[in-house]
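As C-alpha cells, the structure follows; a few thoughts come after it.
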Amino acid sequence: MNAALVIILIIAVIVAIFSGLNAALQWLLWVALIVAVIALIAFLFRVIGGRNRT
C-alpha cells in the first residue's frame, strides 16, 4: 500500500472518531466511511492488479 493510501486511511479514521464525539457533525462520519471505502477499493485494485512498480 503506498503512502497516499495510508494517509487517506488515517485521515478517515480521525474524521470518524471526531464525528463520533460530536453529534452535530454526523455527516463527517459518512464522509469518513466513504473515503475509507475509496481507499480500500484503490488498495484492492493495486493488490489484484499485481503490478510491481519497484
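When reading the values below, keep in mind they use all heavy atoms of this one structure, side chains included, and skip hydrogens, waters and symmetry mates.
- For the atom pair CD1 (Ile48) and CD1 (Ile41), the distance works out to 10.5 Å, reported to the nearest 0.5 Å.
- Val37 and Phe45 fall within a single hydrophobic cluster, where Ile, Leu, Val, Met, Phe, Trp and Tyr are joined by side-chain heavy atoms under 4.5 Å apart, directly or via other members.
- Counting heavy atoms from C-beta outward, Ile11 and Val35 have side chains that stay 4.5 Å or more apart.
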